[in-house]
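Below, all heavy atoms of this structure are taken into account, side chains as well, without hydrogens, waters or symmetry copies. Positions are given from 1, in the same order as the sequence printed here.
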Amino acid sequence: LSRQFARWVSALRYEDLPADVVDRAKGVTLQAIASLLLGSQMPAGQEAVKLIAEEETGLRNGATIMVNGARVTKGGAAFANSEMTIAGGKWDTFRMLTHPGTCIVPSALVAAEVAGASGKELITALAAGYEVMERMAADCIPTVMARGFHAGPVFGIFGGAVTAAKVLGFNENQVNDTIGLCVNLAGGNLESGALREGAAARNALLAVMLAK
């Protein structure tokens, strides 16, 4: 299954995307950024930024915490940006049990910053991440919740990692490796509180860097 996903992701082009998919990709990005801007003013968002900034600020080759501007590790930036997005409360949903944009968009923005990606490359990667994440999740909701696991981080890592891998121009084998690493890093139970998607975004970037 990972090989099928990897082959499709690596071959996907912007020109393959229907106009309504492009429009939706732009929409979910704006929605996530709006939520992040709200979340940057919320205690939970500020606590996440403080946690990462105190430990990681000053890297040359990292990525940027949005609004705050601190330069930290790629995983740290994805975590902080994801947590601010969650704190803002304006999430997209899939069947009401995953919030893909809270992991996918922060991961995409970090990867786009690192790669200097174009808008078309970003949109293509977002479409790939959403498609893979929600195809994986579709048959497992709500049963995964009934077994004590939260669908957001269990599946969110795959969306974030696939998106970042696509932005970075990974080939089929690298995308396949990324998905395989996500299997080992995925997780989150119903008791893990607000850090679920933030941890998934951080681990998504970790999987991508290991696969690279």
Side-chain angles (χ1 to χ4, degrees), residues 1-14 16-32 35 78 82 85-86 89-108 111 122-167 170 172 174-192 194-208 211:
L1 182 61
S2 66
R3 178 62 64 180
Q4 292 177 34
F5 282 139
R7 185 174 300 118
W8 178 80
V9 168
S10 62
L12 184 66
R13 303 173 305 155
Y14 179 82
D16 298 327
L17 303 178
D20 58 344
V21 172
V22 172
D23 184 67
R24 181 58 61 89
K26 293 176 181 178
V28 295
T29 302
L30 290 171
Q31 181 178 17
S35 192
S82 177
T85 305
I86 295 164
K90 307 300 180 184
W91 316 323
D92 58 358
T93 65
F94 176 74
R95 298 188 180 177
M96 300 306 294
L97 291 178
T98 69
H99 306 296
T102 61
C103 185
I104 290 176
V105 175
S107 299
L122 177 63
I123 288 170
T124 307
L126 287 164
Y130 270 86
E131 187 75 11
V132 170
M133 175 180 171
E134 302 310 356
R135 282 189 180 273
M136 293 179 70
D139 292 335
C140 301
I141 296 174
T143 55
V144 68
M145 301 285 279
R147 293 172 179 167
F149 295 93
H150 198 288
V154 169
F155 297 105
I157 183 175
F158 294 95
V162 164
T163 303
K166 182 64 176 175
V167 170
F170 278 19
E172 180 184 328
Q174 289 173 309
V175 176
N176 188 62
D177 289 346
T178 298
I179 294 170
L181 287 161
C182 286
V183 174
N184 293 320
L185 294 167
N189 61 35
L190 297 179
E191 303 302 322
S192 57
L195 298 180
R196 293 184 296 245
E197 277 81 0
R202 178 199 63 208
N203 287 344
L205 269 293
L206 175 60
V208 168

Minimum heavy-atom distance [X]-[Y], with the two atoms named:
X    : Y    : answer
M145 : A151 : SD-N, 3.4 Å
A128 : L12  : CB-CD2, 3.9 Å
A108 : T163 : CB-CG2, 3.4 Å
A165 : V175 : CB-CG2, 4.4 Å
K166 : S10  : NZ-O, 3.3 Å
I179 : S2   : CG2-CB, 3.7 Å

Would you say the side-chain atoms of [X] pair up with the backbone N or O of [Y], donor to acceptor, closer than 3.5 Å?
X    : Y    : result
S82  : A201 : no
W91  : G101 : no
N203 : A200 : no
N176 : R3   : yes

Quick one: pull up [atom1] in [X] and [atom2] in [Y] and give me the separation to the nearest 0.5 Å.
X    : Y    : atom1 : atom2 : result
S107 : E197 : OG    : CD    : 11.0 Å
C182 : D177 : SG    : CG    : 11.0 Å
I141 : M136 : CD1   : CE    : 11.5 Å
T85  : I104 : OG1   : CD1   : 12.0 Å
L206 : L185 : CG    : CG    : 5.5 Å

message: Could you check whether atom CZ of F170 has more than 12 heavy atoms from other residues, nucleotides or ligands sitting under 6.0 Å from it?
response: yes

Side-chain donor-acceptor pairs of residues 152-161 under 3.5 Å, sequence neighbours excluded:
none

query: Can you check whether T178 reaches V162 side chain to side chain, under 4.5 Å on heavy atoms?
result: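 No, every pair of side-chain atoms sits at 4.5 Å or beyond.
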
message: What I'd like to find out is whether the side chain of V9 reaches to under 4.5 Å of the side chain of V132, using heavy atoms alone.
response: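 Counting from C-beta outward, V9 and V132 do come under 4.5 Å.
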
- request: Using the side-chain hydrogen bond (donor to acceptor under 3.5 Å, both in side chains) rule, collect all pairs that involve residues 129-140, keeping only residues at least two apart or in two chains.
  value: D92-Y130, T98-E134, E131-R135

Check residues 20-28 and write down every donor-acceptor pair under 3.5 Å in which the side-chain atom is one partner and the other belongs to a residue at least two apart or another chain.
none

